[in-house]
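Some notes on the structure that comes next.
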There are 2 protein chains.
Amino acid sequence: MSDKATIYDIAKKLNISAATVSRALNDHPKTSNKTKILVQETALELGYEQNKLALALKSGRSNTIGVIVPRIDINFFGSIIRGIEDELYPRGYHIIICQTHDNEQKEIQNINALLNAQVDGIITSITKNTKDVSIFERILDKNTPLIFVDRKLNLKGASSVTLDDFKGAYQATQHLINQGCNRITHLTVIGYQSVGIYKDRLEGYTQALKDNDIPFDADLILDIENDINGGKKAGQKILNFKDRPDGIFSSSDFMILGAIKEIKANGLKIPEDIAVIGFSNEPFTKFMENPISSVDQCALEMGKLAAKVFLDQIIDPKLLKVEKNVILAPKLKIRQSSSKKTPAN
Amino acid sequence: MSDKATIYDIAKKLNISAATVSRALNDHPKTSNKTKILVQETALELGYEQNKLALALKSGRSNTIGVIVPRIDINFFGSIIRGIEDELYPRGYHIIICQTHDNEQKEIQNINALLNAQVDGIITSITKNTKDVSIFERILDKNTPLIFVDRKLNLKGASSVTLDDFKGAYQATQHLINQGCNRITHLTVIGYQSVGIYKDRLEGYTQALKDNDIPFDADLILDIENDINGGKKAGQKILNFKDRPDGIFSSSDFMILGAIKEIKANGLKIPEDIAVIGFSNEPFTKFMENPISSVDQCALEMGKLAAKVFLDQIIDPKLLKVEKNVILAPKLKIRQSSSKKTPAN
DNA sequence: AATCGTTGCTTTATCGCTCATTTAAAGATT
DNA sequence: AATCTTTAAATGAGCGATAAAGCAACGATT
């Protein structure tokens, strides 16, 4: 039971007051060098370590930040967290992780728990089902910095780091058009339109068509489940079209994977017959035998930026609420699945 | 600035002492129902919330656990963390995440930081380069429960949840033999033998050969880099063998992916010419057009078990150190890449 | 010699909560 | 009626660190 030494132990040993020890350790100007050295030596000798909890209680700052994501084991969120950690750890911050599993109730619980734990800020991606804004207002009421990553709410006083989903979708669609496609379907999930990102992707797609004088055809918008099976069903529909599409822009990599499987199973070639591009740049897309093009969401960078925005917010606690909204440009990863003209990786 | 209410605020309002408020809120037996109700109502009215920091300082327990992994954005570790979170969150624990990036110095820093933060326990996967045991002994000296996941050190007093790598390797090799292979190469990383798991996999492979009266051939052990490129190089070597192998057991999915690409590029068929199986069950293995067989490491379950072991440890703080070593049986995921006889998914 | 300013430390109070101990009040016992 | 129990609340201390204010000692100033 090597019970930790406190500043009191040091004080007693040196016959000085605890406050002096505290100042000596903090390199306070009003301390003599003699005492500083003496205290530091004794601290080392006793194996003293600052109790962060006491400091946190006293100062009201825990040096801890809460991060809430739908699920940790989704690559995208894992990378975001890594970005946050990479940025904040060197500055002495700890990161508390919470998951919502896309459940609004858990989201509320998580936020309350984090606030109780006195975190210095919260970075979060909202659930697909978040309806109630009030819990987020509570965060702001407490003057706790709130930064949304990727999935955001529009809330005065809250910052955000998001992807320009419109642009990503626009570029992906434009890329397909450049490859010679002129009948492009779009796979999406209408049910998630509240999250905003799917809506933006749909709009980017629509705009790209418009700018290229390709008529918009509502039948080409396929509303499916966001998984491989949904993609397979979409693949069937696509194969059954009288006027078969020659391109697919999917708002998710999993949906496009299903569609690809279905299309190939029916003897069509990708990208020759149908060129496809997904969204998210899931790790598996580049590992495939025929690598899948996708829109990269720069997760790592989003995490880093969110961390930086957080740091900006707390530079001056007296400052009126700073609100900062960063929009990241996505990066197209052109691979075989959409390279009719020039194959690439 | 809706500054949080404390028990003193409640006490003042009701003209009772703070201690009574504390007891009332904690449902202490020596409190009258009248007071309890009164206090609870006032607490609600003032928007009181317990300050966990103060509680932690007072009680010496932070209700926080530290998790240190090489990298968060690796699927395997993400799943472990998810398992831990799923298990501990409902019991009121928070999880602080740290990364080592496989750097021993960062590992030491992380541990020190977590101990300063007064975590109630540490769950970790050591780096590939960990040499020094003393930092882990420090954890135990402080009576902080220490649980290793997957990558462990043998340390008296520390618990562990690991995979039976030997068994996984044995089963994978046996499976290839069952499929008719009798000249099986093994891809490994000799440099990582200190981590233990690669060594165990090699031994499982060796034992399976022995039990099936297949002579061990040291030339069939290929020591390569643990990535796709390493796998490609291994693939070349395999193709150049005079007596070409008909099976590959790889201790990593990335290595086998490279090997597969190389082999297919040379016109050979998988599994017909060469049957292959990897290790880790990375997500991409099942998404491939020709899904890759692999040994699943049950990451989620490992995380959950680690959390449970932690909870076991702290049931009775007075108890002598409990040491618990759980070894999980891996699960073979048989897919196309190794299914010569009966195709499966 | 008396006063002033520095320097460097001590004292005291506080962050919010809880535990052990004490006190007070009411009821039970003879 | 006087004492003993029981019960509920008050008191005070302390977890570990720090900030503000107070004070002693020294040398410098006039």
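Proteins get letters first, then strands, A, B, ... in listed order; numbering begins at 1 in each. Being a predicted model, the structure only gives us computed values, none of them experimental.
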Atom pair distance, as rounded to whole Å: NZ in A/K58 and P in D/dA19: 7 Å
B/L53 backbone acceptor or donor facing B/N51 side chain under 3.5 Å: yes
Value in whole Å for how far the P atom of C/dT18 lies from OH of B/Y48: 6 Å
Under 3.5 Å: donor-acceptor pair, side chain of B/N129, backbone of B/D102: yes
Sugar-phosphate, base or nothing in reach of A/Q118, heavy atoms under 4.0 Å: nothing
Between D/dG16 (P) and A/N26 (CG): distance, integer Å: 17 Å
Protein-to-nucleotide contact annotation, 5' to 3' order, nucleotides 6-12 of chain C [B base; S sugar-phosphate only; - none; under 4.0 Å, heavy atom]: --SBBB-
Integer-rounded Å distance: C/dC19 C1' and B/I7 CD1: 12 Å
Side chain to side chain contact (heavy atoms under 4.5 Å, CB included) partners of B/H101, counting only residues at least two apart: A/R82, A/D86, B/R71, B/Q99, B/K106
Polar side chain donor-acceptor pair, A/T162 to A/D150, under 3.5 angstrom: no
Interatomic distance, B/Y8 OH vs C/dA13 P [rounded to whole Å]: 14 Å
Under 3.5 Å: donor-acceptor pair, side chain of A/E104, backbone of A/D132: yes
A/E107 backbone acceptor or donor facing A/T100 side chain under 3.5 Å: no
Atom-pair distance (CG on B/L57; P on C/dC17), nearest Å: 12 Å
Between D/dA17 (P) and A/N63 (CG): distance, integer Å: 15 Å
Nearest-angstrom distance from the residue atom NE2 of B/H28 to C1' of C/dC19: 9 Å
Angle of first-five versus last-five pair axes in the helix from C/dA1-D/dT30 to C/dT30-D/dA1, to 10 degrees: 70°
